[in-house]
There are 2 protein chains.
Amino acid sequence: MKYEIRFLPSETITNAPEGTTIFNAANWMGLAIDSTCGGRGTCGKCKVRVVHGSAPIREADRKFLSDAELNDGWRLSCRAVLHSDCMVDVPRLMGNPKAALLGYGHHVILNPNVAKIFLQLAEPNLEDQVSDLTRVHAALEKEGYDVHSSLALWRTLPKLLRASDFQVTAVVVGAELIALEPGDTRDKNYGLAVDIGTTTVVAAIVNLNTGAVEAVKSELNRQAAFGADVISRVSHTMMEKNGLAELQTRILETLDDLLDQLTTQSDNARENIYESVIVGNATMLHLLMGIDPEPISVAPFIPAITQAVTFRAVDLTPQPPLLQGEGESNPLPPRPRGEGESNPLPPRPRGEGESNPLPPRPRGEGPGVRLHPEARISTLPHLGAYVGADIVAGILATDLTRNKDGRLRLLIDVGTNGEIVLGSVNGTLATAAPAGPAFEGAQIKHGMRASDGAIEGIQITPTGDIHLQIIGGNQLKPLGIAGSGLVDAVAEMYRAGLVDASGRLLRPEDARGRIADALVERLATIDGVRAFRLSDGESNIVLTQQDIRALQFAKGSIAAGVAVLMQQMGVTANDLHEVLLAGSFGSYINPASARTIGLVPWVPVERIIAVGNSAGEGAKIALLSFREREAANRIPEFIEYVELSGRAEFNEIFTNALAFPELKDDSAKDADSRSWTMLVNELDSLTHGGGV
Amino acid sequence: MKYEIRFLPSETITNAPEGTTIFNAANWMGLAIDSTCGGRGTCGKCKVRVVHGSAPIREADRKFLSDAELNDGWRLSCRAVLHSDCMVDVPRLMGNPKAALLGYGHHVILNPNVAKIFLQLAEPNLEDQVSDLTRVHAALEKEGYDVHSSLALWRTLPKLLRASDFQVTAVVVGAELIALEPGDTRDKNYGLAVDIGTTTVVAAIVNLNTGAVEAVKSELNRQAAFGADVISRVSHTMMEKNGLAELQTRILETLDDLLDQLTTQSDNARENIYESVIVGNATMLHLLMGIDPEPISVAPFIPAITQAVTFRAVDLTPQPPLLQGEGESNPLPPRPRGEGESNPLPPRPRGEGESNPLPPRPRGEGPGVRLHPEARISTLPHLGAYVGADIVAGILATDLTRNKDGRLRLLIDVGTNGEIVLGSVNGTLATAAPAGPAFEGAQIKHGMRASDGAIEGIQITPTGDIHLQIIGGNQLKPLGIAGSGLVDAVAEMYRAGLVDASGRLLRPEDARGRIADALVERLATIDGVRAFRLSDGESNIVLTQQDIRALQFAKGSIAAGVAVLMQQMGVTANDLHEVLLAGSFGSYINPASARTIGLVPWVPVERIIAVGNSAGEGAKIALLSFREREAANRIPEFIEYVELSGRAEFNEIFTNALAFPELKDDSAKDADSRSWTMLVNELDSLTHGGGV
């Protein structure tokens, strides 16, 4: 049940579900309402006047508003809950709120969950015998913070207050007073945004006072030594008695190493990082928390946790194996996606070109993620076992479910798993397709992560010249191919006729005469496998037939997922306003190439937008704005999760999606590309024609 | 601001302050309203009909009540807050609530903060992919429990649910889901009530399902090796770098040993104890929590914490010394009660008769108090630095501030510190007087704790016979004198003329002829000190002149405190309805003797009531009823704390209170005993006559 809410004087109108607060509804419309407590009903600053409609008087209202104000319709907007249509007058803000531009043109009003408040407390005397704790809490309450505190903080109180002449800075995370620091330390206030990809982990230190990103680093997930995809990781926890603790240790090591680099680069202390927002898929976050991920990997695919959770960073200490459940003493062989379903991605040995994961190193002193000792970690919610918090973060960063234009957008996160979201403010579907690690450069002969020396873009000229775009500068010797380079290479080779629509790499004898000689010269057979030389001389980077097949597997899986969602929603490519391509691998896919290989439906190329690491952007947004985080936490309510493994037709449509779509001019505006129409038609016949 | 609330059909009327919920007001009047969530607005069972007066509709109301019901005045009583006089119809309970009789005739409706709920969860499938955590929380919400949970619990979820076929028992403490246990374990549900006295620690295991006390034990506080009173304990933390951790370790050892005895006696497992309510004075609770107590001991006497707090039992692990504050590197000499004040209790060497504290032993495995690993400990609030949670518990157990009769009561907790509370539902004062450990048998030549062999009562017949009452049976050989025996002995010796009003023990030559020969024979000089033999033969228990002086110090201090409160309230002994004598030393003072030596004002002897360990009773009540605990947490709001050390007249009135009051017939009803009138008159002249 939704109600209309009209904001004055801006005349902004929105429809919000029953139970939404006026404060949140305004925030989601981009209207800033004053507040220091972030909507907890404790600061009294967010008052608005309800001109029409009902808003019962609440406890908090009576605390902050006079009888005259209450009679006049004034209410705290964070306590006023919608039960009817209403019209609300919002006072103008006295100053402009601080804001930062993040995500896909997302204007974020700074309102972090961490607040530092400088307290100049009165010293106690015989006429004022209030206890230390009450003194601190009362001062915070006066500033609008109604907080809890813990034994660890209480232990510091007597010495700290007296050593600092009762001048301290309170560090509040959410509703928790996590620390008191001597003197005024408000200028040191940082957060950590992390996107844990199956292959790559990206972390950024964000200045919570200014919204500035102080440093950002990415690193291979050290769990990669135990397998390239989530299924192999889960298998490891099932096969090895200590596997879960081992994997948890690896990701903690990765984060620890990233923190070393980040703090060195930005000259910030770990102790001034009070909160971290960490996103990732369900398996990654379960492994981070040391929670058995096994039920995620076998039907019916149940995570222990899908909701957003918060815990102390130090509590992530890896622990001895859990109490043996019955399933553990006799471990079941890992099954990728439920019974009765053939595995679309047979396990393959690690490609040679994959950069070698660093050897495990002994854990540093101190447990968990070593930030401020009482720092909190928050996650975002998962939509399902295979559409995780990283996608929710991406939806937040791209405004997909909230964009006021009401238009249909397709968001594809191209990673080891391909997550797909299709929708608008009017309704959204999401699913996951197992793409494998090809897009991240893994299991590709000369594949590598997007770092210095990686080929990230390729152009083949009509005359047969090859231009390579290399990360770190084209003067660098190419060391391998990044995911975006792989997509470009295959697309360009398909356009040049070196690869046919079925993905077959031409033999030199078949190519000769039809294709520029310079290109035919590059066709070779290496170790009995057909290949194409991308670079010359010393650095001989090749793309093999197997690499092309790996890419076909990956893009076919995603394309099939997209087709399923479009069919379920009853839309065609013509209905798509934008296609957003996200990837946690830190580089940007060429939209034209993505369209050429059929990774995305045929829409005008300017409507295919590479949005980069939208998961990481979403994590930063959630870190900088508690209101945005609350909005993210509600995203699952507005999205229907489509389980592909429950659909027998998926494997068939997947097989058909392996081929490349028919070639046409890049400038063609016609969205009814043959292969995409075919995919959706096939789905229709499979679903409605008794194909199941 | 108070409002009148009239309950139907019982026609009970009470006045409650603005902001009180109808639920709490009813509970404090002894009216039971149905509820499973304990007043948290989540079970929807506590509905009442507001017949007159306003009660705004709240969120929770809409969740549980229909529009018709809302229009008819139905509200959840735990959400309905008083803002006007009102009349409320309370539905009759379907069954009688379980109740237990505790404290001083206190009828406690069982409503513990711990709930065990058996959950028979649906197993997930492809059509029901709800996560483990959401599945558990949703089932609990259906039962009326809206709870949080922690990383430790999340880690157990996948294995536990699947190993137990999704049949589990949830353990909820407050709003925290602390554990899930396989199968139905509802019958094992225990709590631990503890009173940490400076000298004696008393602990009881309570069955939270039935209210039955399964086992109770007391033991010497092992901190006693570091001094008999709180001041010496605090000094130790200031003098020794590791002193705080050492004292914390000692009290944890004491609790651990008591738990060994309790669990053995009652055949209960520590793992089925989910919550503990611990009371004690401010210093004892600070030492338990490992919080520096130094500021409690020096002016202006500021505890770190006075409010009721809750923490995890395992978090009590003793820790290395805190960061050095400036005051610690150069420790100040301990000062008992502020500058400019002579110490009424000069430190004395430990008396020989004091039972030897057990040697320290190595800590057992596992940190903190070893109950269920996620068990919570809650304290009650302190009224001030020297009137602690033990007194708040005593006030709860005796109903002093809530008794509907509105009559004036005086509660004296006779321990190492004498805490004094004077008041009624109309207003209450409290103070603390430093009594020293005499009442607990310490620093008395043949003093001992109230255990087997201790003389707990004494009668001297007119013919000069002495009858001893011995704990464990009069056939036992007397081993020493307990506190109650000491009071009896001195009172009887004063009555017999062996001791004069100034406390002087007569010399045999002065006594002969005036007192029965049998008694004169017992007068002796031991090591140059006058003494009186209480027992004969092999066990030669004596009471020395020094012992009498120690008792005079102790009772004089308390009597002076009582006089200050009575003067401040403007009442005389005639106004006292009852005098309640509490003591954590486990034995009962003889009311007549207490009156004879002037420990309490002269009121008819049947109005002097020994209520035993009221602090321990209060802890049990708070454990068995969350509503009672909430009531206890509000007690400080209704009590004015009187700081004696701020009053220069206290020492003078104390000196005058050292003497015994004039002797009169035990049956005399006249309360205007000369010495008490004198005390209060003196106070008046000191206060108003410029004596300061």
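Every heavy atom of this structure was used, including side-chain atoms; hydrogens, water molecules and symmetry mates were not. Since we're looking at a predicted model, the values are computed, not measured. Just so it is clear: chains get the letters A, B, ... in the order the sequence lines come, proteins before strands, and each one is counted from 1.
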Tell me whether A:Asp292 is salt-bridged to B:Arg155, with the criterion being a basic N under 4.0 Å from an acidic carboxylate O. no
Part of A:Val130 within contact of chain B (heavy atom distance under 4.5 Å): backbone
Per-residue contact mode, A:Ser150 against chain B (heavy atom under 4.5 angstrom): neither
Is it the side chain or the backbone of A:Leu151 that comes within 4.5 Å of chain B heavy atoms, both, or neither? side chain
Is chain B contacted by the side chain of A:Arg79, its backbone, both, or neither, given a heavy-atom distance below 4.5 Å? neither
Need one label for A:Thr310: side chain, backbone, both or neither, based on atoms under 4.5 Å from any heavy atom in chain B. backbone
Given heavy-atom pairs under 4.5 angstrom as the criterion, report whether the side chain, backbone, both or neither of A:His83 touches chain B. side chain
Aromatic plane relationship, B:His286 with B:His382 - under 30° parallel, 30 to 60° tilted, over 60° perpendicular: tilted
N-O pairing of B:Asp132 and B:Arg162 below 4.0 Å: yes
How close do B:Val81 and B:Arg58 get, heavy atom to heavy atom, and via which atoms? CG2-NH1, 4.1 Å
Check each atom of A:Leu157 against the heavy atoms of chain B and say whether the ones under 4.5 Å are side chain, backbone, both or neither. side chain
Hey, which of A:Gln307, A:Arg135, A:Glu59, A:Met289 has the most heavy atom pairs under 4.5 Å with chain B? A:Glu59
Heavy-atom pairs under 4.5 Å with chain B are the metric here; pick the option from A:Thr134, A:Val309, A:Ile57 that has the most. A:Val309
Take A:Leu288 and A:Gln248, measure what side-chain contact (heavy atoms from CB on, under 4.5 Å) needs, and give me the verdict at the end. CA-CA 5 Å; A:Leu288 173 73; A:Gln248 191 187 9; 5.8 Å; no
Does any non-hydrogen side-chain atom of A:Thr306 lie less than 4.5 Å from one of A:Pro636? no
Are B:Phe23 and B:Leu76 close enough that some pair of their side-chain heavy atoms sits under 4.5 Å apart? no
